[in-house]
Student: 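Please see the structure below; I have some questions.
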Amino acid sequence: MVERIKTGIPGLDEILYGGIPKRNVVLLSGGPGTGKSIFSYQYLWNGLKNGEPGVFVALEEHPVQVRINMSQFGWDVRPYEKEGTFAIVDAFTSGIGEAAKKERYVVSDPEDVGLLVDVLKQAIRDTGAVRVAVDSVSTLYLAKPVLARRTVMTLKRVLSGLGTTSILVSQVSVTERGFGGPGVEHAADGIIRLDLDEVEGELVRSMIVWKMRGTRHSMRRHPFEITDKGIIVYPDKVVRIGRSFSIETLR
């Protein structure tokens, strides 16, 4: 039996045949506006509700803003921070600013992957984290794409080694169909791709599980929505995008 971590995202565990295999490091890839950050927030929040501590690594937004963003969905993480079961690693501010001085886990040089790893290890050990989300891992190698695979492998060794099941958010451009850096698709245990396509004047959200080590998964592209309660995936529907477009209900 494969030990799994249930994402708790409606519909997603169904297309993963029960959830993400434990200790997997999953690359969550997609363009701007596809819902990657919301996905990672929701994954961590569902863990906290299930008694599974978590860590969020903020590389692109101020930790204060992360808390505000989460609270907009009704996900107030501050009580969990106070009890020590949730932590935000500030890899954004470099400790600059009054609000940043109140943060417990601060990476003084966010471009120093070794330093980031040291702070992340401490946060995982202090909280007993089961789930980790890094948003976004692409920030660590945007200036040096050649380091993409090495960076993901470094994080994978640490995150898997400490027993966490993790989401690494990976940015791609609107037109790019890759996964956000050379070789990263081979380094990750799983890839979930979020897309936002313009079809006949409307934007359509869809999700596909590109790979997931240790489990079967749906091979179809499924539609999803972002609601005021987070992401909802429709496992019984499939999106077909080609010369013609359709969303069909599976029988």
Student: Name each donor-acceptor pair under 3.5 Å that joins a side chain in residues 95-102 to protein atoms two or more places apart or in another chain, with its distance.
Tutor:
from: Glu98; atom 1: OE2; to: Lys101; atom 2: NZ; distance (Å): 3.2

Student: Under 4.5 Å side-chain heavy-atom separation, chaining through any Ile, Leu, Val, Met, Phe, Trp or Tyr, what else clusters with Ile68? Say none if it is isolated.
Tutor: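 Members besides Ile68, by chain and number: Val64.
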Student: Apply the hydrophobic cluster definition, ILVMFWY joined by side-chain contacts under 4.5 Å directly or through others, and give me every member besides Tyr17.
Tutor: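 Members besides Tyr17: none; it forms no cluster.
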Student: What is the distance from atom CD1 of Ile208 to atom OG of Ser29, rounded to the nearest 0.5 Å?
Tutor: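 Ile208 CD1 to Ser29 OG: 12.0 Å, rounded to 0.5 Å.
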Student: With sequence neighbours left out, which residue pairs that include part of residues 115-124 fulfil the side chain to side chain donor-acceptor pair (under 3.5 Å) condition?
Tutor: Gln122-Asp126
Student: Would you mind listing every ring pair (Phe, Tyr, Trp, His ring centres under 6.0 Å) that reaches into residues 79-134, with sequence neighbours excluded?
Tutor: Trp45-Tyr80
Student: Taking C-beta and beyond as the side chain, do Phe73 and Thr227 meet within less than 4.5 Å on heavy atoms?
Tutor: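 Contact flag for Phe73/Thr227 side chains = no.
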Student: With sequence neighbours left out, which residue pairs that include part of residues 66-75 fulfil the side chain to side chain donor-acceptor pair (under 3.5 Å) condition?
Tutor: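 Sorted result for residues 66-75: Tyr41-Asn69, Glu61-Asn69, Gln65-Asn69, Arg67-Glu81, Arg67-Glu103.
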Student: Please report the C-alpha distance between Val239 and Glu248 in whole Å, then the side-chain angles of each, then the deciding distance to 0.1 Å, and finally whether the side-chain contact (heavy atoms from CB on, under 4.5 Å) criterion is met.
Tutor: CA-CA 7 Å; Val239 175; Glu248 300 172 13; over 6 Å; no
Student: Kindly give the cluster partners of Ile232, where membership spreads through any ILVMFWY side chain lying under 4.5 Å from a current member.
Tutor: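 Tyr234, which link up through side-chain heavy atoms under 4.5 Å apart, make up the rest of the cluster.
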Student: Run the side-chain hydrogen bond (donor to acceptor under 3.5 Å, both in side chains) test on Glu83 and Thr85 for me, step by step, so that the C-alpha distance in whole Å, both residues' side-chain angles and the decisive distance to 0.1 Å come before the verdict.
Tutor: CA-CA 6 Å; Glu83 71 179 30; Thr85 56; 3.0 Å; yes
Student: So, Arg205 side chain and Asp197 main chain: donor-acceptor pair closer than 3.5 Å or not?
Tutor: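 Looks like no, no N/O pair under 3.5 Å.
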Student: Indicate the atoms forming the closest heavy-atom contact of Ile191 with Val26, along with that distance.
Tutor: N-CG1, 4.4 Å
Student: Mind checking the CE-OG1 spacing from Met207 to Thr34? Nearest 0.5 Å is all I need.
Tutor: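 Answer rounded to 0.5 Å: 9.5 Å.
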Student: Of all the heavy-atom pairs spanning Leu115 and Asp109, show the shortest one and how long it is.
Tutor: CD2-N, 3.7 Å
Student: Please say yes or no: joined through hydrophobic side-chain contacts below 4.5 Å, possibly via intermediate residues, are Met153 and Leu116 part of one cluster?
Tutor: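 Unlinked, Met153 and Leu116 end up in two clusters.
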Student: For residues Pro63 and Ile88, report the shortest heavy-atom separation together with the two atoms involved.
Tutor: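 Minimum heavy-atom separation between Pro63 and Ile88: CB-CG2, 3.9 Å.
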Student: Check whether any side-chain heavy atom of Ser138 lies under 4.5 Å from a side-chain heavy atom of Ser170, and answer yes or no.
Tutor: yes
Student: Checking the side chain of Ser218 only, and the main-chain atoms of Arg220 only, is there a donor and an acceptor separated by less than 3.5 Å?
Tutor: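 Pair found, side chain donor or acceptor close to backbone of Arg220.
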Student: Do you know which two heavy atoms are closest between Ala123 and Val89, and how far apart they sit?
Tutor: CB-CG2, 3.8 Å
Student: Could you list who else is in Leu250's hydrophobic cluster, with ILVMFWY side chains joined at under 4.5 Å, directly or through other members?
Tutor: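 Grouped by the 4.5 Å side-chain rule, Val238 form the rest of the cluster around Leu250.
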Student: Apply the test side-chain contact (heavy atoms from CB on, under 4.5 Å) to residues Val107 and Val119: give CA-CA distance (whole Å), side-chain angles for both, the deciding distance (0.1 Å), then the verdict.
Tutor: CA-CA 7 Å; Val107 182; Val119 177; 4.0 Å; yes
Student: Which pairs with one or both residues in residues 12-37 pass salt bridge (charged side-chain N to carboxylate O under 4.0 Å, His left out), sequence neighbours excluded?
Tutor: Glu3-Lys22
Student: Please find the pair of heavy atoms, one from Val152 and one from Ala187, that lie closest to each other, and give the distance.
Tutor: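 Here Val152 and Ala187 meet closest at CG1-CB, 3.7 Å.
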Student: For Arg157, is there any backbone N or O sitting under 3.5 Å from a side-chain donor or acceptor partner on Ser160?
Tutor: no
Student: Just to verify, what does Arg213 make a side-chain contact (heavy atoms from CB on, under 4.5 Å) with, not counting sequence neighbours?
Tutor: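 Per chain and number, Arg213 pairs via side-chain contact (heavy atoms from CB on, under 4.5 Å) with Asn24, Lys156, Asp189, Lys211.
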Student: Could you measure the distance from the CD1 atom of Ile15 to the OG1 atom of Thr215? Nearest 0.5 Å is fine.
Tutor: 11.0 Å
Student: Can Val184 be reached from Val117 by stepping across I, L, V, M, F, W or Y side chains whose heavy atoms are under 4.5 Å apart?
Tutor: yes
Student: Treat each ILVMFWY residue as a node, draw an edge where side-chain heavy atoms are under 4.5 Å apart, and state whether Leu27 and Leu120 are in one component.
Tutor: yes
Student: Between CZ of Phe224 and CG of Leu194, what distance do you get to the nearest 0.5 Å?
Tutor: 4.5 Å
Student: Got a sec, which residues hit salt bridge (charged side-chain N to carboxylate O under 4.0 Å, His left out) with Asp76, two or more places apart in sequence or on another chain?
Tutor: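 Listed in chain order: Arg78.
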Student: Strictly distance-based, threshold 3.5 Å: is any side-chain N or O of His217 a donor or acceptor partner for the main-chain N or O of Leu16?
Tutor: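 No, because the side chain of His217 does not come within donor-acceptor range (under 3.5 Å) of the backbone of Leu16.
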Student: Quick check: closest heavy atoms across Leu140 and Pro110, and the distance to 0.1 Å?
Tutor: CD2-O, 3.6 Å
Student: Can you list the steps and then say if Ile20 with Met212 is a side-chain contact (heavy atoms from CB on, under 4.5 Å)?
Tutor: CA-CA 8 Å; Ile20 300 171; Met212 191 64 65; 4.2 Å; yes
Student: Are Ile38 and Ile192 linked, directly or through intermediate hydrophobic residues, by side-chain heavy-atom contacts shorter than 4.5 Å (ILVMFWY only)?
Tutor: yes
Student: Could you go through residues 46-60 and list every donor-acceptor pair under 3.5 Å that involves a side-chain atom there, pairing it with any protein atom two or more places apart or in another chain?
Tutor:
from: Asn46; atom 1: ND2; to: Thr7; atom 2: O; distance (Å): 3.0
from: Asn46; atom 1: ND2; to: Gly8; atom 2: O; distance (Å): 3.2
from: Asn46; atom 1: ND2; to: Gln42; atom 2: O; distance (Å): 3.2
from: Asn50; atom 1: ND2; to: Glu52; atom 2: OE2; distance (Å): 3.4
from: Glu52; atom 1: OE1; to: Arg131; atom 2: NE; distance (Å): 2.7
from: Glu52; atom 1: OE1; to: Arg131; atom 2: NH2; distance (Å): 2.7
from: Glu60; atom 1: OE1; to: Gln171; atom 2: NE2; distance (Å): 2.7
from: Glu60; atom 1: OE2; to: Ser136; atom 2: OG; distance (Å): 3.2
from: Glu60; atom 1: OE2; to: Thr139; atom 2: OG1; distance (Å): 2.8
from: Glu60; atom 1: OE2; to: Gln171; atom 2: NE2; distance (Å): 3.2

Student: Is there a path of hydrophobic side-chain contacts, each under 4.5 Å between heavy atoms of I/L/V/M/F/W/Y residues, joining Ile167 to Val209?
Tutor: yes
